[in-house]
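Values in this document were obtained by computation on a predicted structure and should not be read as measured data. Hydrogens, waters and symmetry mates are skipped; everything else that's a heavy atom, side chains included, is used.
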Amino acid sequence: MLEVLDMAPPPQSRHQQGPAGARGASGGHATGRKQPLQSSVAQPKAEPAVVPPEGGKRCGAGGGRRRGGRGRAKAAAAEPRALPAPPPRTVIGPPVPSKGLSFCRRPGFGTIGARCVVKANHFLAELPDKDLTQYDVKITPEVSSRAVNRAIMAELVRLYRASDLGMRLPAYDGRKNLYTAGTLPFDAREFVVRLADEDDGTGVPPREREYRVAIKFAARADLHHLRQFIAGRQADAPQEALQVLDIVLRELANQRYVSIGRSFYSPDIRKPQRLGDGLQSWCGFYQSIRPTQMGLSLNIDMSSTAFIEPLPVIEFVAQILGKDVISRPLSDANRIKIKKALRGVKVEVTHRGNVRRKYRISGLTTQPTHELIFPIDDQMNMKSVVEYFKEMYGFTIQHPHLPCLQVGNQKKANYLPMEACKIVEGQRYTKRLNEKQITSLLKVTCQRPREQEMNILQTVHQNGYEQDPYAKEFGINISEKLTSVEARVLPAPWLKYHDTGKEKECLPQVGQWNMVNKKVINGCKVSHWACINFSRSVPEATARGFCQELAQMCQISGMEFNSEPVIPIYSARPDQVVKALKHVYNIALNKLKGKELELLLAILPDNNGPLYGDIKRICETDLGLISQCCLTKHVFKISKQYLANVSLKINVKMGGRNTVLLDAISWRIPLVSDIPTIIFGADVTHPETGEDSSPSIAAVVASQDWPEVTKYAGLVCAQAHRQELIQDLYKTWHDPQRGTVTGGMIRELLISFRKATGQKPLRIIFYRDGVSEGQFYQVLLYELDAIRKACASLEPNYQPPVTFVVVQKRHHTRLFANNHKDRSSMDKSGNILPGTVVDSKICHPTEFDFYLCSHAGIQGTSRPAHYHVLWDENNFTADEMQTLTNNLCYTYARCTRSVSVVPPAYYAHLAAFRARFYMEPEMSENQTSKSSNGTNGASVKPLPALKEKVKRVMFYC
């Protein structure tokens, strides 16, 4: 259980005192208990409205912007600076209709860095000057399929456009809304449309149905507010107007292509490529309309996904099992494999000439085709499937030893021989891809920046927006040129290494550097280690040689690493993992007379199935042991670069530090060096598509050193399936002995920061990964509230100011060099230079966001990270936030490269991914235990707890 530490302010140092009359408490943090945001737990529906400071300029910004030293000189010489107290925020009851909480306004634009121009895949969209009108649509009988709804509306427009619709060409969302440019000649009218049913896959011939379509005036979609928003004169994005324009620009693509999410796919855009096992990749494009500083922008990006190849079923089966397997009866295992692969897939029959009836596969027969018989009449006269197909269709079954497909509904089983069916084109594959398929898909999607840019331009040209009848009707013009944007390349930070190395400081070049002539700044000490060899192909002598080389590399890198293991290398079979780990742990314990083993090296086969996860689970939640796994291929082919990287990982897992920012130890980082600052990273990972009950996993990491901000302790927890809000940031529960107990991940990490540094954090910077735009409000309200409560639970008036930044990698903005011939404006891969930052033109009209490409590309087109500062009580300038974020990207512990996303967010992602292995083996399959499938806070089986020794270090690296 967490103890409450005395969180009283530490003795005041001179540079933390505020000047006379400055706002701020004696300890350097804000005076006056801030009212916590109303708990979103208590009222999940009613989001509290938080009134922004007067003038609404900057959230959390009080009074004028302070200037001065901000800790740019050495700590002792730093100018006195008081932390501004965030203004009092009024908590109101039920929310006002528009979202009451206002996000942080942009504090200005960045100026630091070498100026340059980049091109973005944003295409300027001119706003129409027409009135847009919305109509409600009601179709009876009700239809659940959007495609059918669209077909009904298309038929209605074909029949009535010239007459009743007054030549209007409406855009339809496939559900309840219809939009027109101008008004229709009526306020309400009902139409009758006849349409042949879509073939539903049950095998019953489609029949014509009659539908009644009622269209009724609903509202005028006002574009005035959208213009005001883009001009920065209005805070809330008018979602309705944006939605109308989005629907209009998607209307034609919906008719031409297969629509999935916000993307469109077709086998005609580019030739489909085989992925193996009956799958192929289809190329497509992503399209989304966004309000930006330059106006409305159409974001277009290339996209690829897996579809089931439209093969004859027999060929599909041969691809999965191999040609020789289908020449003889299927084993039970193979039959189940095929049944899983084919269930739910639509097929069409090929044995009836032009009659191509479609069916959906519901299963596979247990018997082979030649054993199958079925009743042909009410007298229960039976006939075999083989005879029936011969007599009825003159079709001789060539593979009677294979099972039949079961199609249609279960009550009336229909049997179809595999060889009489072909898979219908255009079915997306939604299950998990195997390693081989992922590799093949990446090969297709991995394009050099220049190719990607050409493909995007070609897509825009192919889409022909200037000829699009819907865009014309609504008066929307789309530019065919990529947007040129002013950017800046931020300088790389100086890094500090140990003074005993030849190179004590290092300035990275184009996002990378190496460990030659350098020693880690804080080397760990490893006295007691052991090695288990789980790979049958690695002889003991080879394993021993590898361990010696690794120990030597750790020593060269600046660690105190014992050359000899505690016990000789132990060989074990992968299926004996529990026994082997406990055996080695206990033998070492006996030999060390009660001292514990510190590190376990494990040599794993290249394809090791669940072995890696088992080792991590047992070591981290059962034995409290740090482990480092190495694959067989690296043990045989020992490269210095590989050993150097592994030694970096070992050092941080054992509590060392590899490098720190020179500015950090010189007390020169604005809004970090002046007062004790803790940096959090948080992420939630969700189970894969198709797993409908496994829990989601949340991870939070927090810096445990100041002023260095390099070491991050991590905590993980399981929560309800697909729940995005982190439930365990702050929690209270009732204990029979002690009454109400408070805890949670934020509280625990604040306490461990205090233990590690002897100071309490007086400022919080919180980087939150994995949040989509639609969830910004919800996540900020809930999680900021949890941070506030966690702080208040440690000390009544303890409310350090918070900066809350969302980090997004899953967006579709790509940045390209302005001139692909100018090598000085690109890295080796042809991508924009690391440190390139954009905060104008394609960014939000009023809020504090920026795109930062902090890494050098390796292959393909680099994706910049998108940072959105939702809440800022620390008054960061654009330069301070952008520079801090970019510089932190050079402190990632696992390699000597700057990384693409800020390390605390990256570490949280690694920790959440690691915790998947902690779930009980049967839980990681689809049969999640009953307690874990709650969706609204229902009980979720907790993960096994991390051992204390593990929690304190970067075990997830």
Side-chain angles (χ1 to χ4, degrees), residues 143-145 147-148 195-209 278 307-321 325-326 329-332 334-431:
V143 178
S144 58
S145 156
V148 176
L195 196 70
D197 269 354
E198 187 193 25
D199 199 330
D200 62 2
T202 56
V204 178
R207 61 193 177 93
E208 197 173 71
R209 276 181 194 266
F307 279 75
I308 300 168
E309 204 174 335
L311 294 167
V313 171
I314 211 96
E315 270 187 52
F316 178 83
V317 172
Q319 273 210 29
I320 291 174
L321 300 180
V325 179
I326 61 167
L330 295 186
S331 66
D332 277 354
N334 280 337
R335 195 183 62 78
I336 288 164
K337 196 174 180 182
I338 293 303
K339 182 180 171 182
K340 274 186 178 173
L342 284 172
R343 189 187 280 138
V345 173
K346 246 188 187 177
V347 291
E348 57 185 13
V349 294
T350 56
H351 63 288
R352 297 179 59 185
N354 290 334
V355 179
R356 286 291 178 117
R357 191 174 287 174
K358 295 183 175 75
Y359 297 88
R360 197 174 290 282
I361 300 172
S362 56
L364 229 57
T365 59
T366 40
Q367 305 105 307
T369 304
H370 62 73
E371 287 180 19
L372 287 172
I373 54 170
F374 65 98
I376 49 169
D377 52 31
D378 294 342
Q379 281 71 51
M380 297 303 282
N381 288 314
M382 307 302 275
K383 183 165 274 201
S384 78
V385 169
V386 175
E387 280 173 356
Y388 177 80
F389 272 80
K390 181 75 181 160
E391 290 170 20
M392 193 75 179
Y393 306 113
F395 183 85
T396 308
I397 294 173
Q398 305 292 323
H399 299 82
H401 58 281
L402 294 177
C404 266
L405 304 176
Q406 282 180 303
V407 296
N409 56 32
Q410 292 291 346
K411 289 177 197 151
K412 182 175 177 287
N414 267 335
Y415 301 140
L416 285 176
M418 285 184 187
E419 60 207 82
C421 297
K422 180 177 184 280
I423 292 169
V424 174
E425 187 179 65
Q427 296 179 78
R428 185 193 180 193
Y429 183 75
T430 54
K431 301 187 189 93

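- Residue Leu321 holds its CG atom at 3.5 Å from CD1 of Ile338, rounded to the nearest 0.5 Å.
- At a threshold of 4.5 Å between non-hydrogen side-chain atoms, the residues Cys404 and Val385 count as touching.
- Nearest approach of Cys421 to Leu405, heavy atoms of both residues: SG-CD1, 3.8 Å.
- Annotation: the span from Asn334 atom CG to Leu364 atom CG amounts to 11.0 Å, rounded to 0.5 Å.
- To the nearest 0.5 Å, the span separating CD1 on Ile314 from CD on Gln398 amounts to 9.5 Å.
- Residues Pro310 and Lys422 meet the side-chain proximity criterion, which asks for heavy atoms closer than 4.5 Å.
- Between Pro403 and Met418 there is a side-chain heavy-atom pair separated by less than 4.5 Å.
- The two residues Ala318 and Ile326 have their closest heavy-atom pair at CB-CD1, 3.7 Å.
- Note that the NZ atom of Lys383 and the CD1 atom of Ile376 stand 5.0 Å from one another [nearest 0.5 Å].
- Side-chain contact between Tyr415 and Gln406 is present, with at least one heavy-atom pair separated by less than 4.5 Å.
- Counting only heavy atoms from C-beta outward, the side chains of Gln319 and Glu315 never approach each other to under 4.5 Å.
- Around NZ of Lys340, the count of heavy atoms belonging to other residues, nucleotides or ligands within 6.0 Å does not exceed 12.
- Between His401 and His399, some side-chain heavy-atom pair lies under the 4.5 Å cut-off.
- Side-chain contact check for Arg335 versus Thr366: some heavy-atom pair is nearer than 4.5 Å.
- Side-chain contact check for Lys390 versus Thr396: some heavy-atom pair is nearer than 4.5 Å.
- We find the CD1-CD1 distance between Ile423 and Ile308 to be 6.0 Å, quoted to the nearest 0.5 Å.
- Between the CD atom in Glu309 and the CZ atom in Phe316 there is a gap of 9.0 Å [rounded to 0.5 Å].
- Phe389 and His351 have tilted rings, their planes meeting at an angle from 30° to 60° on a 0 to 90° scale.
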